[in-house]
Structure formats: structure tokens, C-alpha cells
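Down below is the structure, laid out as C-alpha cells.
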Amino acid sequence: MDSVRVRFAPSPTGYLHVGGGRTALFNWLYARHHGGTFILRIEDTDRTRSTDEAIEQIFASLRWLGLDWDEVYRQTDRFDRHREVAAELVRRGAAYESEGALWFRVPKEGATTVPDLLAGDVTVQHSELKDLVILRSDGTPIYNFACVVDDHDMGITHVIRGAEHLNNTPKQLLLYQALGWEPPLFAHVPLILGPDRSKLSKRHGAGSVLDYDERGILPEALVNFLARLGWSHGDQEVFSREELVALFDLPGVNTSAAVFDDEKLMWLNHEWLRRLDLDRLGRLLGERIVRRGVADQATVDALGPTKLARAAALLRERGRTLVEMADRARPYLPGDLDLVPEAEALLTAELRPALAEVARRVEGLSQPSAAEFESVLQGVARDLGISIKALAPAVRVAVSGTRVGPGLYDLLSVIGPEIVVSRLRGAARKEER
RNA sequence: GUCCCCGUCGUCCAGCGGUCCAGGAUACCGGGCUUUCAAUCCGGAAACGGGGGUUCGAAUCCCCCCGGGGACACCA
């Protein structure tokens with residue numbers, strides 16, 4: 001059997017949204033699973049709506065998703081070929097000119113059946129079809145025609161595309177027939193729906209692939225999530241890219257549309273955050289801290305990769321996105337903190353000397369571990385006759401500015417003795433005013 | 001409106017004639033653990049759209065209805 005050649009054929013009329021992203025993913029997975037070729041074809045025949053910015057966006061989106069293509073084409077580069085084939089259709093009497101445009105004649109009688117790999121045989125009566133324009137009056141080709149010519153010329157073996165194209169397929173099949181060409185196999189994948197159950201589109205808001213990057217979603221998570229929309233492997237939920245390549249195939253794909261559930265994406269993202277290599281996560285966190293304006297590049301650089309990774313290890317347990325992690329990273333960075341409003345209530349006159357005492361005892365230590373911090377706090381609590389349940393929250397808020405966060409001793413150990421001491425003293429002094 | 005596709009917990013999936021008084025995940029509710037929040041553990045509520053068939057037996061096969069979606073451009 002010929003090796004698999006599939007294509008993703010977006011039109012550059014706007015950003016790439018997740019629906020297109022999933023179509024691209026399924027094509028890519030199919031190609032990689034079968035050791036085939038993944039082709040990217042920019043369908044820019046509508047020159048009034050296509051933009052170079054959109055093309056760049058599509059490239060950037062696919063790169064971010066990690067979907068590498070083996071060949072890339074632009075339909076506008078192939079207009080001569082399209083016109084040549086159109087002329088051939090005229091010669092064969094299958095096309096005619098009217099009002100300046102070239103039309104393909106659809107038979108009045110009979111029917112065409114699409115042998116869809118997923119939907120099964122779908123038959124459409126020719127009486128339902130109208131003649132279709134193949135070349136506009138300005139001589140440029142139209143989708144249904146350019147698509148057929150290109151799929152044929154590029155040796156496409158499987159057309160995997162959104163279900164909204166199922167109705168186009170009979171027309172395309174008729175074109176293949178008129179040209180005497182062997183059509184590829186078709187697989188129309190179910191649509192992704194928005195919360196209102198209509199086809200996911202730009203008007204549903206955050207539909208752009210790159211928006212998910214902006215929101216702090218990992219490409220691993222979005223790929224995993226998109227793959228699970230319409231495809232499954234038993235009860236498994238988390239799949240690495242490698243697993244997907246190994247397991248994905250068309251027979252496992254659904255036929256019913258799926259609603260995009262943001263909450264589940266968040267859960268999956270958290271899962272991936274917790275599985276990520278810590279050095280890489282540390283780097284991502286550093287970038288995000290700067291990107292979010294939490295701190296500048298110099299501050300992040302000063303912290304260094306090791307501390308960044310340690311902070312990331314704590315942050316990822318609670319944050320569901322890189323954005324949440326970065327926005328909570330302030331306590332790990334040098335400098336003063338804004339304390340939450342209830343902090344004042346926690347830092348009572350009774351606790352003030354205790355904070356100062358903790359600072360004094362920490363000062364003598366070098367690189368204290370979480371366990372050492374614990375024994376310091378326990379010691380101070382015991383010696384000063386204070387409950388640890390009162391001391392711990394006060395130390396936490398003094399050092400991290402907030403009442404919530406990782407285990408206190410881990411937190412202190414990662415923040416490090418210098419910053420801990422300085423913030424403890426600051427809080428103790430504040431109370432004296 | 002016409003044609004086409006689809007129809008299992010709110011949502012994503014499993015199920016492909018018996019092992020299903022339907023399983024997993026998420027979200028939700030309650031409890032344990034914890035200085036807090038997470039994580040985690042235990043428990044709970046939650047679905048085969050309806051009606052006819054076929055069959056000894058149907059979530060699984062067929063038909064009708066209903067519901068949802070998509071397509072009906074010199075857009076893709």
C-alpha cells in the first residue's frame with residue numbers, strides 16, 4: 001500500500017482556533033502513526049480575506065502545538081495549474097462559462113456516495129446539488145475545485161477534515177470523476193462545539209490556539225485534551241505525545257460532536273504541570289514571571305535556575321496554569337511584599353517577639369532544610385509558650401504575604417534564610433509602630 | 001425550509017447482543033488528613049431522548065418520532 005500522505009489545509013483568514021488545531025492534530029497523528037507525510041497547505045485562494053499575518057499565526061500555532069510539517073504549499077502559487085485543469089474540464093465538456101465565471105456542470109440525475117471512513121456511506125442525490133463555480137470571474141479558483149486539484153497533485157491519500165465539509169465531498173467526488181482521477185479516502189471528524197452547543201467559532205471567545213499559551217496552558221495539555229475530544233483509548237485520560245502517536249488511529253475516532261469543556265482542560269493542564277521536567281518548568285516559570293510583569297528579567301536571572309525549579313516544584317502543586325504559578329511567585333523573589341489585608345490581624349503584639357526570635361535562630365543556620373525550619377518553629381513555640389497553630393500562620397503571612405500556600409517548612413526552605421529573616425524582621429518591626 | 005450527520009451522567013469518554021440494577025474522568029456535594037490552600041484518600045448525587053420492532057436476551061441491530069448540530073456563496 002502507498003504510504004500515507006495527509007494534509008492540513010487552513011484558510012488564512014484569521015487566527016487558528018482549537019477546532020482547526022484539532023483537525024491539524026488528527027492529521028499529524030495519523031501521519032506520524034503510519035510513518036506518512038504531513039503536509040501543510042495554505043488555502044489562500046480568497047485573496048480579499050487572506051492575510052500574511054494569519055499565515056504567520058497558523059505557523060506559530062502549529063509550532064507551539066509541536067505539529068511539525070514535512071511539506072508546505074500555498075494555493076496561490078498554484079493558480080496556473082488550477083487554470084490548466086479548468087481548461088481541461090472545459091475541453092471535456094464538463095465545465096462552461098457564464099457571467100465571466102467558469103462553472104462545473106453537476107449531473108441532473110443520479111446520486112453520489114461518499115464512502116466516509118467514519119460516517120460510513122453518505123449518499124447525496126444530484127438533484128440536491130447545484131452547478132458550482134470553479135473559477136471566479138477574475139480567474140482565481142474556488143475552494144472545492146482548488147482542493148481537488150491540489151489533493152490529487154499532492155498525492156493525498158486520506159482527507160481528514162471537519163464534518164462541516166461532508167456536504168462538499170459529493171461535489172468534489174464529481175470533479176474527480178470528471179477528471180478521471182482516483183479520489184483519496186475521506187474521514188470527516190466530528191465538530192467541536194462551544195458551551196452553547198453550536199460549532200466552536202471565533203465568537204465563542206478564547207478559541208485561538210495561541211490564546212491558550214497566553215493563559216498559561218501547556219501545549220502538552222492542549223494536545224492531550226484535543227486528542228481526547230472525539231478519540232479515546234479505553235478509560236485512559238492522560239496521554240503523552242509519544243503515546244498518542246503510538247495509539248492514535250482513525251477507527252478509534254467518534255462520530256458525535258463534542259463540547260469543549262474548559263474545566264477539564266484546566267485539570268489536565270495541572271496534571272501536565274505536575275509531570276513536567278522541573279528544569280523545563282523552571283524555565284517556563286521564569287519566562288512567565290517576566291511576561292506577567294511579576295518581576296523583571298534581572299531579578300529572575302539573579303534567582304537562578306535551581307531556585308526557580310525549586311519554586312516551580314511548590315507552585316505547580318497548587319496552580320493549574322503557568323499564569324497562576326507566575327502570579328503567585330512573588331514570595332520566592334527578593335524584595336518587599338504586599339501583605340493581604342488580614343495579615344495585620346495575624347501579626348499580633350503577642351506574636352511579634354516570636355517572629356523576631358525565629359529570625360534570630362534562622363540567622364545562624366546555613367541552607368536550612370524544611371526539617372530544620374520545622375524544629376526552629378517548634379522550638380520557638382515551646383520556649384515562648386505559644387501554640388504552633390498560632391505561630392505558623394503568622395510566620396507564613398510575614399514571609400509570603402498570604403495565608404495560603406505550600407507546606408510552611410517547604411516554603412521557608414525554598415525562599416531561603418536571607419529573605420525569610422529579612423521579612424520576619426520587617427513584620428516584627430511593623431508591629432512596633 | 002431542504003439535504004446530511006449525530007443522540008450514554010452537566011461535560012468528555014468506555015461499552016461494539018448476555019459478564020450493565022451501565023464503568024472511568026471532570027465538575028459538584030459530604031467526610032478524613034493538614035497551620036492554610038492544594039494534592040491525596042473515603043463516601044455521595046448524576047445518564048442509556050421517546051415509541052415500536054428483531055432476539056431466549058438490547059445501551060448495543062432495524063424503523064418511526066423527537067432533540068441537537070452542520071451544509072445549502074464567484075467563503076473555506
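Each chain gets a letter, A, B and so on, in the order its sequence line appears, and its residues count up from 1.
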Summarise protein proximity over nucleotides 27-47 of chain B in one line of letters, 5' to 3': B for base, S for sugar-phosphate only, - for none, counting protein heavy atoms closer than 4.0 Å.
S-------BBBBS--------
Can a donor-acceptor pair be found between the side chains of H270(A) and T321(A) at a distance below 3.5 Å?
no
Whichever of E99(A) and E164(A) has its nearest RNA chain B nucleotide further upstream toward 5'
E164(A)
So what does A258(A) touch, heavy atoms closer than 4.0 Å: a base, only the sugar-phosphate, or nothing?
sugar-phosphate
Residues 371-393 of chain A vs salt bridge (charged side-chain N to carboxylate O under 4.0 Å, His left out), sequence neighbours excluded, gives R361(A)-D383(A)
Rounded to the Å, how far apart are R47(A) CZ and A76(B) P?
12 Å
Pairs touching residues 143-164 of chain A that satisfy salt bridge (charged side-chain N to carboxylate O under 4.0 Å, His left out), sequence neighbours left out
R7(A)-D151(A), R41(A)-D150(A), R41(A)-D151(A), R78(A)-D150(A), R78(A)-D153(A), R81(A)-D153(A)
With 3.5 Å as the limit, what N/O pairs link the protein to nucleotides 1-7 of chain B?
from	atom 1	to	atom 2	distance (Å)
U2(B)	O2'	E128(A)	OE1	3.3
C3(B)	O4'	E128(A)	OE1	3.3

G10(B) versus G68(B) - spacing of their C1' atoms, nearest Å:
16 Å
Taking the inter-plane angle between the rings of W181(A) and H152(A) on a 0 to 90° scale, is it parallel (under 30°), tilted (30 to 60°) or perpendicular (over 60°)?
parallel
C66(B): pairing nucleotide in any strand, Watson-Crick or G-U under 3.5 angstrom
G7(B)
Short side-chain N/O contact to A14(B) OP1/OP2 from S232(A), under 4.0 Å:
yes
Can you tell me if E350(A) has over 12 outside heavy atoms packed within less than 6.0 Å of its CD?
no
With sugar-phosphate meaning primed atoms plus P, OP1 and OP2, does S387(A) contact a base, only sugar-phosphate, or nothing at under 4.0 Å between heavy atoms?
nothing
T113(A) versus D121(A), side-chain donor and acceptor atoms under 3.5 Å:
no
Phosphate OP1/OP2 of C12(B) contacted by N254(A) side-chain N/O (<4.0 Å):
no
Separation of I55(A) atom CD1 from A76(B) atom C1', in whole Å?
14 Å
So which nucleotide from G23(B), A73(B), A76(B) ends up closest to the side chain of D235(A)?
G23(B)
C1'-based separation of C20(B) from G52(B) [nearest Å]
23 Å
Complementary nucleotide for U35(B) - Watson-Crick or wobble, under 3.5 Å:
none
Does anything in residues 391-410 of chain A form a side-chain hydrogen bond (donor to acceptor under 3.5 Å, both in side chains)? List the pairs, not counting sequence neighbours.
none
Mate of U55(B) where both pairing distances stay under 3.5 Å, Watson-Crick or G-U
none
F26(A)/F8(A) aromatic ring centres below 6.0 Å:
no
Give the nucleotide from the list C12(B), G70(B), A76(B) with an atom nearest to the side chain of R228(A).
C12(B)
Only counting residues at least two apart or in another chain, list the ones meeting ring pair (Phe, Tyr, Trp, His ring centres under 6.0 Å) with F225(A).
F260(A)
Interatomic distance, L229(A) CG vs A25(B) P [rounded to whole Å]:
18 Å
Phosphate-side-chain proximity, R197(A) and U11(B), N/O vs OP1/OP2 below 4.0 Å
yes
Going by distance alone, is a donor N or O of one side chain under 3.5 Å from an acceptor N or O of the other, for Y73(A) and Q75(A)?
no
